[in-house]
Asks: 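Can you keep this structure in mind? I'll have questions shortly.
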Amino acid sequence: MIISTAKLPPLPSKPVKVLFVCLGNICRSPAAEAIMKYAVEERGESADWVIDSAGTIGYHTGERSDRRMITHARRRGYDLTHRARKVTEADFDDFDLIIGMDGNNVADLRQLAPTPEHELKVMAMADFFSTPKRVDYVPDPYYEGAEGFELVLDLLDDAINNLIDTVKAAQ
Ligand code: 4NP
């Protein structure tokens, strides 16, 4: 087990509410949501978590995830059923951890946070990478080929298991 040194905000004992955020909410963050739901189900801990995802833009609101991400995720056993939505100010009250996929997402979330206390909930997915990677954020795969989608899934598979272990170690 690898525990991240990332500084977590104050967390409730259970359930811990986690919101993953990317730009469009059709590729990276719905994949993170599906992977984490699968991981906590496998550990028999589904009741201990609330897991959702959103985008910083509302352009794809109501849409299913990108067909390419659905296909790549399904090959690993993850079902993407999320419908895209835009992140709201209310999410800062409703969730304990709000995790952006890249530096732009994190900057946008910090801007949207209604108070400094709410801003403490904002973290980067890369805070939970267990070892140094080719990249220090989760890159947008939208204009990439298959390799871009596989890289996102590799990064998320690693980071999400580390996120779960880190939260549990802090509780
Ligand atoms: P995501 O990918 O942020 O991982 O969902 C994108 C989806 C849509 C767009 C950009 C990135 N877009 O420009 O519509």
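Just the heavy atoms: all of them, side chains too, but no hydrogens, waters or symmetry mates, feed the values below. Atoms within a ligand are numbered from 1 in the order they appear, just like the ligands themselves. Along the sequence shown, the residues carry numbers beginning at 1.
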Asks: Which of the atoms of ligand 1 are close to C27, meaning less than 4.0 Å from one of its heavy atoms?
Replies: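 Numbered from 1, ligand 1 contributes 1 (P), 2 (O), 4 (O), 5 (O).
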
Asks: Considering only non-hydrogen protein atoms, determine which one is nearest to atom 13 (O) of ligand 1 and report residue, atom name and distance to 0.1 Å.
Replies: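 Protein heavy atom with the smallest distance to atom 13 (O) of ligand 1: Y143 OH, 4.1 Å.
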
Asks: Answer yes or no: does an N/O atom from S29 fall short of 3.5 Å to an N/O atom of ligand 1?
Replies: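 N/O-N/O distance under 3.5 Å: no.
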
Asks: What's the shortest distance from atom 4 (O) of ligand 1 to any protein heavy atom, and which residue and atom give it?
Replies: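 Nearest neighbour among protein heavy atoms for atom 4 (O) of ligand 1, to 0.1 Å: R28 NE, 2.8 Å.
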
Asks: Name all pairs fulfilling the salt bridge (Lys or Arg N to Asp or Glu O under 4.0 Å) condition that reach into residues 54-70, sequence neighbours left out, sorted by first residue then second.
Replies: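 The answer is D66-R68.
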
Asks: Counting non-hydrogen protein atoms only, what is the nearest one to atom 14 (O) of ligand 1? Give residue, atom name and distance.
Replies: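 Looking at atom 14 (O) of ligand 1, the protein heavy atom closest to it is H60 NE2, 2.8 Å.
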
Asks: For atom 1 (P) of ligand 1, what is the closest protein heavy atom, and at what distance to 0.1 Å?
Replies: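 Result: C22 SG, 3.5 Å.
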
Asks: Work out which heavy atom in G100 is nearest to a heavy atom in V106; give both atom names and the distance.
Replies: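 Distance-wise, the nearest heavy atoms are CA-CG2, 4.1 Å.
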
Asks: I'd like to know if the side chain of Y59 pairs up with that of N25 as donor and acceptor (distance under 3.5 Å, no hydrogens or angles considered).
Replies: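 Side chains of Y59 and N25: no pair found under 3.5 Å.
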
Asks: Among all the protein's non-hydrogen atoms, which is closest to atom 10 (C) of ligand 1, and how far away is it?
Replies: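 Answer, as residue, atom name and distance: L23 CD2, 3.6 Å.
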
Asks: Is it the case that ligand 1 has an N or O less than 3.5 angstrom from some N or O of Y59?
Replies: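 No, there is no polar N/O contact under 3.5 Å.
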
Asks: Charged N to carboxylate O under 4.0 angstrom, E45 versus K14?
Replies: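 So E45 does not pair with K14 through a salt bridge.
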
Asks: Report yes or no: does a heavy atom of M69 sit under 4.0 Å from some atom of ligand 1?
Replies: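 It does not; every heavy atom stays at 4.0 Å or beyond.
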
Asks: Of the side chain and backbone of I26, name the one, both, or neither that has a heavy atom under 4.0 Å from an atom of ligand 1.
Replies: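 Under 4.0 Å from ligand 1, I26 contributes backbone and side-chain atoms.
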
Asks: Can you tell me if E41 has over 12 outside heavy atoms packed within less than 6.0 Å of its CD?
Replies: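 Result for CD/E41: open.
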
Asks: Give the contacting part of N25 toward ligand 1: side chain, backbone, both or neither, where contact means a heavy-atom distance below 4.0 Å.
Replies: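 For N25, the contact with ligand 1 is made by the backbone alone.
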
Asks: With the threshold set at 4.0 Å, does a side-chain nitrogen-carboxylate oxygen contact exist between R43 and D165?
Replies: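 Salt bridge flag = yes for D165 with R43.
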
Asks: Side chains of S65 and I70: does their closest heavy-atom pair fall under 4.5 Å?
Replies: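 The answer is yes, as the side chains (C-beta and beyond) meet within the 4.5 Å cut-off.
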
Asks: Under the rule for side-chain contact (heavy atoms from CB on, under 4.5 Å), what residues qualify as partners of P114, not counting sequence neighbours?
Replies: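 Listed in chain order: E89, F92, H118.
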
Asks: Going by the atom numbers of ligand 1, which of them fall below 4.0 Å from some non-hydrogen atom of G24?
Replies: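 Atoms satisfying the 4.0 Å criterion: 1 (P), 3 (O), 5 (O), 7 (C).
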
Asks: For I57, is at least one N or O under 3.5 Å away from an N or O on ligand 1?
Replies: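 N/O-N/O distance under 3.5 Å: no.
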
Asks: Return the residue, atom name and 0.1 Å-rounded distance of the protein heavy atom closest to atom 2 (O) of ligand 1.
Replies: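 Answer, as residue, atom name and distance: D140 OD1, 3.4 Å.
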
Asks: Where the side chain of R28 meets the backbone of V138, is there a donor-acceptor pair that is under 3.5 Å apart?
Replies: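 Indeed, once roles are kept as given, a pair shorter than 3.5 Å links the two residues.
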
